[in-house]
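Ligands are counted one by one from 1 in listed order, and the atoms in each one are counted from 1 as well.
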Amino acid sequence: MRLSTFFLPTLKETPTEAQIVSHRLMLRAGMIRQTSAGIYAWLPLGHRVLKKIEQIVREEQDAAGAQELLMPTIQSAELWKESGRYDDYGKEMLRITDRHDREMLFGPTNEEMITDIFRAFVKSYRQLPLNLYHIQWKFRDEIRPRFGVMRGREFLMKDAYSFDIDAASARRSYQKMFLAYLRTFARMGLKAIPMRADTGPIGGDLSHEFIILAETGESGVFCHKDWLTLDVLQNAPGFDEDLQPFFDTYTSIYAATDEKHEPGNCPVPESDLVSARGIEVGHIFNFGTKYSKPMNAVVAGPGGEPVPVEMGSYGIGVSRLMGAIIEASHDDNGIIWPDAVAPFNVGLVNLKVGDAETDRVCQELYYKLRANGMDVLYDDRDERPGVKFADMDLIGLPWQLVVGPRGLKNGVVELKRRSTGEKQELSVDSALEKLS
Ligand SMILES: Nc1ncnc2c1ncn2[C@@H]1O[C@H](COS(=O)(=O)NC(=O)[C@@H](N)CS)[C@@H](O)[C@H]1O
């Protein structure tokens, strides 16, 4: 992509309405634009990151054996009346009336809808276990949307739903999602700590929130200091193995949100207890027959008897993750994207547009890097080097490859690693090799 034609409306000044660094940087880097309270347009740079985050979530759900589908955003109120949640949900639910005066709503979550789809087709325990998920926009009319995409009103969520014949099998489904979540966040360069949590309007009695430690986080959390150094995926089991030992290990090291933490009843000595702020990037629930009973989602058991299925639901805040990653990975100059979610892998900087040799080498690098499968943002603008370097640091691409007449006289280009600031002078071929 050539920066001279790329729609990247960066801002010079820091927007006053942004209270936290991720919101400030997403606006300055031209990634989003607020269209109304808590609702955003995803501009090209932000959209690229959103798709990369989505793809990692998708791959790890698929690896765990979940199957992707796509449910609509607009739902009938009928289903929510069946489950009894239509009135409970309160003002957060955006209620809509269609032209035939039918009561509809913009879905805040999909337990009812997925249960309706399930009960229409699944009749036997032989078809279980089943885990269906989608990555779809949700609407929750938050009373105070804030912190940019962190607490939006329209936001992108991966929500998965598991169906099992009994509680033991449902626990295994829950454990598979538990492992999938730890793998997912680790791939994004995030340390997510699973914490016992309240179940709230979703329901059930077993629930974990996955929290990223960040001083601007909305959640107050307490955990054993070991969490700060643990590598949970070292020797992690495969999805087809017994996950109970892994699950027991990583749910026994103390970690609790402030709602669950009882200072007088905490097993961790003061000296080992960390109190911090965190961002909830995922939340998983096991809620048994809370929806299958009222909605009559039953299958024929081994003896032919009708069995209401045991369910769980598993959410990841895909759009919230964009903000969480920036909160966890930035410096004074801007964003520092982990390689796995970066909008482009390399920022190619031409220091002297119009200089024949510099232009030629940039063209060659631009062509060869893309031929090697790299996403390249080529800064071919007629701008001063200082502006180019500042923009590249702001948008946070993992690598900057800088080409200028002086370097070329010595047969070198400069390669900079954004996360460390480390710079190397390399020949063109060595740079290509290092980046491929
Ligand atoms: N207002 C919001 N803005 C951005 N992300 C949100 C918002 N509300 C929730 N999320 C994200 O969505 C995740 C799942 O939301 S949830 O309410 O906890 N869980 C559910 O909705 C369940 N149905 C899981 S399938 C949260 O962990 C959080 O990361």
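- Atoms of ligand 1 lying under 4.0 Å from any heavy atom of Val281, numbered from 1 in the order shown and given with element: 27 (O), 29 (O).
- Across the listed options Phe155, Tyr181, Tyr161, Phe287, Phe155 owns the non-hydrogen atom lying nearest to atom 5 (N) of ligand 1.
- Geometrically, ligand 1 and Ile316 share no nitrogen or oxygen pair separated by less than 3.5 Å.
- A salt bridge links Glu82 with Arg119: the closest approach of a Lys/Arg side-chain nitrogen to an acidic carboxylate oxygen falls below 4.0 angstrom.
- Using modelled atom types and a 3.5 Å distance limit, the side chains of Glu111 and Ser313 yield a donor-acceptor pair.
- Look at Phe285 and you'll find a heavy atom under 4.0 Å from some atom of ligand 1.
- Counting non-hydrogen atoms of neighbouring residues, nucleotides and ligands closer than 6.0 angstrom, the CD1 atom of Ile143 reaches no more than 12 such neighbours.
- At a 4.0 Å heavy-atom cut-off, ligand 1 does not touch Glu209 at all.
- Comparing heavy-atom distances from atom 23 (N) of ligand 1 across Thr109, Leu321, Val318 singles out Thr109 as nearest.
- By the 4.0 Å N-to-carboxylate-O rule, Arg102 lies too far from Glu78 to be salt-bridged with it.
- Residue nearest to atom 26 (C) of ligand 1, selected from Arg153, Lys138, Glu280, Met322: Glu280 (by heavy-atom distance).
- Side chain of Lys52 to main chain of Ala342: a donor-acceptor pair is present (N/O by atom type, distance under 3.5 Å, no hydrogens or angles).
- For ligand 1 and Gly317, the ligand atoms under 4.0 Å from any heavy atom of the residue are 11 (C), 12 (O), 13 (C), 29 (O).
- Shortest contact from atom 24 (C) of ligand 1 to any protein heavy atom: Gly315 N, 3.3 Å.
- By the 30° and 60° cut-offs, the orientation of the rings of Trp80 relative to Tyr89 is perpendicular.
- Scanning the protein heavy atoms around atom 3 (N) of ligand 1, the nearest turns out to be Gly152 N, 3.1 Å.
- Taking a cut-off of under 4.0 Å to the non-hydrogen atoms of Glu142, the atoms of ligand 1 that pass are 1 (N).
- For atom 18 (O) of ligand 1, the nearest non-hydrogen atom from the set Glu111, Lys158, His283, Arg146 comes from His283.
- More than 12 non-hydrogen atoms from other residues, nucleotides or ligands lie less than 6.0 angstrom from CD of Glu13.
- Near Arg151, the atoms of ligand 1 lying under 4.0 angstrom from a non-hydrogen atom of the residue are 3 (N).
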Please test Arg187 against Glu59 for salt bridge (charged side-chain N to carboxylate O under 4.0 Å, His left out), starting from the C-alpha separation and ending with a verdict. CA-CA 11 Å; Arg187 279 186 60 186; Glu59 287 168 5; 2.7 Å; yes

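- Atoms of ligand 1 lying under 4.0 Å from any heavy atom of Arg140, numbered from 1 in the order shown and given with element: 8 (N), 9 (C), 15 (O), 16 (S), 17 (O), 20 (C), 21 (O).
- Any N or O atom pair closer than 3.5 Å counts here, and Tyr314 shares no such pair with ligand 1.
- Less than 4.0 angstrom separates some heavy atom of Met157 from each of these atoms of ligand 1: 12 (O), 14 (C), 15 (O), 21 (O).
- From the protein, the heavy atom lying nearest to atom 28 (C) of ligand 1 is Arg320 NH1, 3.5 Å.
- Within the listing of ligand 1, atoms 25 (S) sit less than 4.0 angstrom from a heavy atom of Asp159.
- The only option from Tyr250, Tyr314, Tyr174 that meets the side chain to side chain donor-acceptor pair (under 3.5 Å) definition with His208 turns out to be Tyr174.
- Under a cutoff of 6.0 Å and an axis angle of 45°, Arg418 and Trp399 do not form a cation-pi pair.
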I would like to know whether Asp339 and Arg417 meet salt bridge (charged side-chain N to carboxylate O under 4.0 Å, His left out); could you show each step before the answer? CA-CA 11 Å; Asp339 292 278; Arg417 183 69 172 158; 2.6 Å; yes

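- For ligand 1, the atoms lying closer than 4.0 Å to a non-hydrogen atom of Val149 are 4 (C).
- Distances from ligand 1 to the non-hydrogen atoms of Gly282 include at least one value under 4.0 Å.
- Dense packing is recorded around NZ of Lys225, with more than 12 heavy atoms of other residues, nucleotides or ligands lying under 6.0 Å away.
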